[in-house]
Amino acid sequence: MTKPPLTLYLAAPRGFCAGVDRAIKIVEMALEKWGAPVYVRHEIVHNKYVVDTLRDKGAVFVEELDDCPDDRPVIFSAHGVPKAVPAEAAKREMIYVDATCPLVSKVHIEAARHHETGLQMIMIGHEGHPETVGTMGQLPDGEVLLVETVADVATVEVRDPEKLAFVTQTTLSVDDTIDIVAALQARFPKIVGPHKEDICYATTNRQEAVKAMAPKCDAMLVVGAPNSSNSRRLVEVGSKAGCAYSQLVQRAPDIDWRALEGIASVGITAGASAPEELINEVIDAFRDRYEVTVEMVETAVENVEFKVPRALRVPA
């Protein structure tokens, strides 16, 4: 039986960003340096396959520092942690390595700097997301107020409308954030913003590639985890950019083939914490069923690399 023809559009950039790459490398180097087990507070990045692979190598994933023994190294996830966490680790004289993405750390430093000059912070982010919890936890309670939507801006209660600054989670939708920032600036004309948007280069680039790809596709699949903020934003961006059927899949077996019946083109991208193996697995699943032609949709070239912490570059 001849396979039906299908054009696969492959977004570039897609998948791993420099911060994720660095975080995974940190866990692998810690295991090499100190041996197993090495403890990791929270999923190092939001991807089950990555977490399972590291677990097989000897990483133990826990929710809180209380779940770690004092005598084994602990790593903090790429999303960042509240200030209280490294303080507690230091108090317990633990060996700890911070895998917080440098672009998230930049937001933490920014918040602290504004706080020192007497400004109250407003954070645009998703409640309960580890990155939001980490950033809000850089300052004392009540110093960072969270807004998730334009509607939240209208009701947020601030101490002094003249003394405000805002930061954003690094993995938000660029377009949605513009609207929230505009609402903040309209309500609080004196609010101080970041020099450059906090949304990171990788989030922005992946969303731009999806916008370029979406109008060409009958359907779009985003390889990523359900708890990955940047992956879920890619699905939304795809829908808004003209591809009505945009779906998140963790792996190839999650593809809903019935929903794809009769299509001629599919766009494929991946969130910043999804490894290339999973993208290839999805492409292979299409090759099994279709006569596939692959076309790249490239909107940027990334060559960002972040150094691992010094503690891992010196031998044990």
Side-chain angles (χ1 to χ4, degrees), residues 18-47 50-116 121 123 125-144 146 167 169-171 200 227-229 273 306-316:
V20 165
D21 231 3
R22 171 180 179 268
I24 294 167
K25 210 179 278 169
I26 285 173
V27 180
E28 291 173 339
M29 289 174 77
L31 284 163
E32 268 170 47
K33 178 168 175 168
W34 291 297
V38 163
Y39 285 75
V40 184
R41 185 187 175 278
H42 281 329
E43 292 189 350
I44 186 72
V45 297
H46 283 158
N47 188 278
V50 171
V51 168
D52 289 347
T53 305
L54 292 170
R55 192 181 280 123
D56 291 345
K57 292 179 180 176
V60 179
F61 291 88
V62 296
E63 278 312 299
E64 291 304 337
L65 214 52
D66 301 349
D67 307 323
C68 303
D70 291 347
D71 60 351
R72 292 307 301 163
V74 60
I75 295 165
F76 305 143
S77 87
H79 306 105
V81 293
K83 251 197 166 113
V85 176
E88 173 64 19
K91 202 172 93 184
R92 285 171 57 185
E93 297 182 358
M94 299 169 82
I95 293 175
Y96 66 90
V97 183
D98 191 351
T100 302
C101 170
L103 298 177
V104 174
S105 299
K106 182 177 125 299
V107 178
H108 290 181
I109 292 161
E110 214 168 350
R113 219 180 34 234
H114 287 314
H115 177 63
E116 278 160 21
M121 300 298 307
M123 176 161 192
H126 294 294
E127 189 170 1
H129 187 279
E131 187 189 325
T132 301
V133 173
T135 301
M136 293 180 75
Q138 297 305 304
L139 302 180
D141 279 354
E143 288 304 309
V144 189
L146 183 66
V167 292
Q169 193 178 318
T170 60
T171 54
C200 80
N227 60 342
S228 158
S229 169
S273 40
F306 295 132
K307 276 202 175 102
V308 298
R310 213 179 131 244
L312 291 171
R313 299 200 298 266
V314 295

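This one's a predicted model, so the numbers in the text were calculated from it and none came from an experiment. The figures that follow rest on heavy atoms only: side chains count, while hydrogens, waters and symmetry mates do not.
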Considering non-hydrogen atoms only, spot the tightest contact between [X] and [Y] and give its length.
X: L139; Y: A111; answer: CD1-O, 3.8 Å
X: P69; Y: M94; answer: O-CE, 3.5 Å
X: V167; Y: M121; answer: CG1-CE, 3.5 Å
X: A99; Y: I44; answer: CB-CD1, 3.9 Å
X: E28; Y: L54; answer: CG-CD2, 3.8 Å
X: R22; Y: P102; answer: NH1-CD, 3.8 Å

I'd like to know if the side chain of [X] reaches the main chain of [Y], judged simply by a donor and an acceptor atom lying under 3.5 Å from each other, with no hydrogens or angles considered.
X: Q138; Y: A112; result: no
X: S273; Y: H46; result: yes
X: R92; Y: L65; result: yes
X: K33; Y: V314; result: yes
X: T132; Y: E127; result: no
X: R72; Y: W34; result: yes

Hey, what do you get for [atom1] ([X]) to [atom2] ([Y]), rounding to the nearest 0.5 Å?
X: I26; Y: S77; atom1: CD1; atom2: OG; answer: 10.5 Å
X: H129; Y: T135; atom1: NE2; atom2: OG1; answer: 10.0 Å
X: I95; Y: I75; atom1: CD1; atom2: CD1; answer: 11.0 Å
X: E32; Y: K57; atom1: CD; atom2: NZ; answer: 8.5 Å

Quiz item: Can you check side chain to side chain contact (heavy atoms under 4.5 Å, CB included) on Y39 and D67, steps first, answer last?
Solution: CA-CA 9 Å; Y39 285 75; D67 307 323; over 6 Å; no
Do the side chains of [Y] and [X] get nearer than 4.5 Å, heavy atoms only?
X: H79; Y: H42; answer: no
X: D70; Y: E93; answer: no
X: V133; Y: P82; answer: yes
X: D98; Y: P309; answer: no

Practice problem: Could you check N227 against E43 for side chain to side chain contact (heavy atoms under 4.5 Å, CB included), going step by step and ending with a plain yes or no? | Solution: CA-CA 10 Å; N227 60 342; E43 292 189 350; 3.4 Å; yes
Self-check item: Atom CZ of R313 with >12 non-hydrogen neighbours under 6.0 angstrom
Solution: yes
Quiz item: Which is it for V81 and Y96 under the side chain to side chain contact (heavy atoms under 4.5 Å, CB included) test, yes or no, and what are the steps along the way?
Solution: CA-CA 12 Å; V81 293; Y96 66 90; over 6 Å; no
Exercise. Verify whether one side chain among E131 and S229 offers a donor that lies under 3.5 Å from an acceptor in the other.
Key: no
Exercise. Decide, yes or no, whether a salt bridge links E64 with R41 under the criterion of side-chain N to carboxylate O below 4.0 Å.
Key: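 Yes, this pair counts.
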Quiz item: Between K91 and E88, is the closest basic N to carboxylate O distance under 4.0 Å?
Solution: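 Judged by the 4.0 Å cut-off on N to carboxylate O distance, E88 and K91 do form a salt bridge.
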Exercise. Go through the steps to decide whether R55 and D52 satisfy the test side chain to side chain contact (heavy atoms under 4.5 Å, CB included), and finish with yes or no.
Key: CA-CA 5 Å; R55 192 181 280 123; D52 289 347; 2.8 Å; yes
